[in-house]
Amino acid sequence: MRVTKPVLSVIRRLKMNDGLEIPQLGMGTYPMTGPEAYAATRAALDAGYRHIDTAELYGNEADVGRAVRDSGLARSDVFVTSKLKKNRGYDAAFAALRGSLDRAGLDYFDLYLLHTPVGGPTARAEGWTALVDAQRQGLVRSVGVSNFGMLHLAEIMEVVRRAGKDGPGGAVPAVNQIDLSPFTRHTGIVDMCETMGTLMEAWAPLARGARFDHPSIVRVAEKYARSPAQVMIRWGVQHDYIVIPKSSSPKRIESNAQVFDFEIAPEDMRELDGLNEDLVTDWKGILDAE
Ligand SMILES: NC(=O)c1ccc[n+]([C@@H]2O[C@H](COP(=O)([O-])OP(=O)(O)OC[C@H]3O[C@@H](n4cnc5c(N)ncnc54)[C@H](OP(=O)(O)O)[C@@H]3O)[C@@H](O)[C@H]2O)c1
């Protein structure tokens with residue numbers, strides 16, 4: 001069945017360092033699986049989302065892929081991200097990617113990430129080399145990393161420098177997907193990625209709801225007559241981050257996308273920028289993994 005609903009808000013697209021574009025707002029799918037993941041993905045696509053975030057780890061690639069295929073949208077109109085669960089060397093990365101594509105029933109992913117830095121320098125470098133080769137073979141369009149701290153990023157940039165443009169692993173990560181919200185700002189990583197030309201992608205952009213009642217969030221939400229979730233998503237949008245809030249509720253999925261029709265004023269952005277408390281929502285210590 002074709003999607004008949006109009007796109008509800010014009011979702012901005014950002015240009016990645018490989019020249020391709022990514023819808024700035026996507027829907028997160030963790031920890032939904034089975035019918036819940038399928039229904040939420042369909043609801044998101046019906047509401048106008050064109051970017052879905054899945055991963056081998058989430059166990060929902062099949063549900064997400066089926067929802068994308070059933071949506072009636074052209075494959076080229078939907079941006080699908082998945083992630084390599086474990087860094088276990090070059091061949092294992094390729095095998096895992098093929099498994100993910102098979103499960104999703106897709107010919108390619110728009111973006112494929114090393115999900116974590118865990119595994120050590122050699123496994124990271126081999127995983128990265130495999131991703132870049134997969135990109136060159138057309139199995140994935142863009143490649144990036146997730147949960148990479150500054151040392152991991154420096155390490156990848158050394159691989160890239162040694163490789164040159166066409167050598168093994170010779171592509172700068174298009175994105176780094178990390179835990180990012182007004183309460184978790186990771187300014188060192190963000191600044192480094194900006195220098196590298198790597199876009200930030202914010203997971204847990206809502207801090208999983210843990211700070212919806214923070215006085216500054218409540219004040220700004222009231223001022224703009226928006227929900228706390230919309231304020232937190234809009235904060236990320238105004239920082240030019242890619243933002244992937246998760247919801248299983250069609251109503252919340254829809255309202256989370258209504259963030260391209262208002263603007264938070266500079267003085268309110270400054271207040272939100274000051275809320276960092278290095279809040280950890282998940283993966284404690286992963287940015288420092290050896
Ligand atoms: N790369 C990584 O290591 C990594 C790690 C974690 C997550 N991720 C990705 O990032 C996505 C987003 O992060 P996240 O799911 O951890 O956290 P999140 O998006 O910050 O928060 C999700 C939580 O907020 C609730 N919520 C959503 N919209 C709401 C609204 N408008 N009002 C009230 N509550 C609302 C959801 O509940 P309902 O579902 O009931 O609405 C859910 O409990 C994930 O789904 C996943 O795709 C990546």
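Order of listing sets the numbers, starting from 1, for every ligand and every atom in it.
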Test item, D282 contacting ligand 1 (heavy atom, 4.0 angstrom): no
Close-contact set for ligand 1 against H115 heavy atoms, below 4.0 Å: 1 (N), 2 (C), 3 (O)
Geometric cation-pi criterion R75 and Y108, 6.0 Å radius, 45° cone: yes
Which of the ligand 1 atoms, numbered from 1, are nearer than 4.0 Å to a heavy atom of S248: 38 (P), 39 (O), 40 (O), 41 (O)
Nearest protein heavy atom with distance in Å, relative to atom 30 (C) of ligand 1: R252 CD, 3.3 Å
Identity and distance of the protein heavy atom lying nearest atom 7 (C) of ligand 1: W203 CE3, 3.6 Å
Protein heavy atom at shortest distance from atom 47 (O) of ligand 1: D53 OD2, 2.7 Å
Check: L206 N/O within less than 3.5 Å of ligand 1 N/O: yes
Heavy atom of the protein closest to atom 34 (N) of ligand 1 (residue, atom name, distance): F212 CE1, 3.4 Å
Ligand 1 N/O within reach of A229 N/O, cut-off under 3.5 Å: no
Distance-only polar pair, side chains of N147 and W203, donor-acceptor under 3.5 Å: yes
Ligand 1 contacted by A207 (non-hydrogen, < 4.0 Å): yes
Nearest-contact summary for atom 13 (O) of ligand 1 - protein heavy atom, Å: A204 N, 2.9 Å
Validation row: V80, L106 side chains within 4.5 angstrom (heavy atoms): yes
Polar proximity ligand 1 side, Y58 side, N/O cut 3.5 Å exclusive: yes
Salt bridge (charged side-chain N to carboxylate O under 4.0 Å, His left out) partners of residues 15-25, not counting sequence neighbours, each pair once: R13-E21
Atoms of ligand 1 close to P245 [distance to a heavy atom under 4.0 angstrom, numbered from 1]: 19 (O)
Residues that Y241 engages under ring-ring contact (aromatic ring centres under 6.0 Å, His included), provided they are two or more places apart: W235, H239
K246, E36, K251: member with heavy atom nearest to atom 22 (C) of ligand 1: K246
Contact (N/O only, under 3.5 Å) between S249 and ligand 1: no
Six-ring centre of F260, R12 cation under 6.0 angstrom, axis tolerance 45°: no
Donor on one side chain, acceptor on other, N60 and E36, under 3.5 Å: no
Nearest protein heavy atom with distance in Å, relative to atom 16 (O) of ligand 1: R208 NE, 2.6 Å
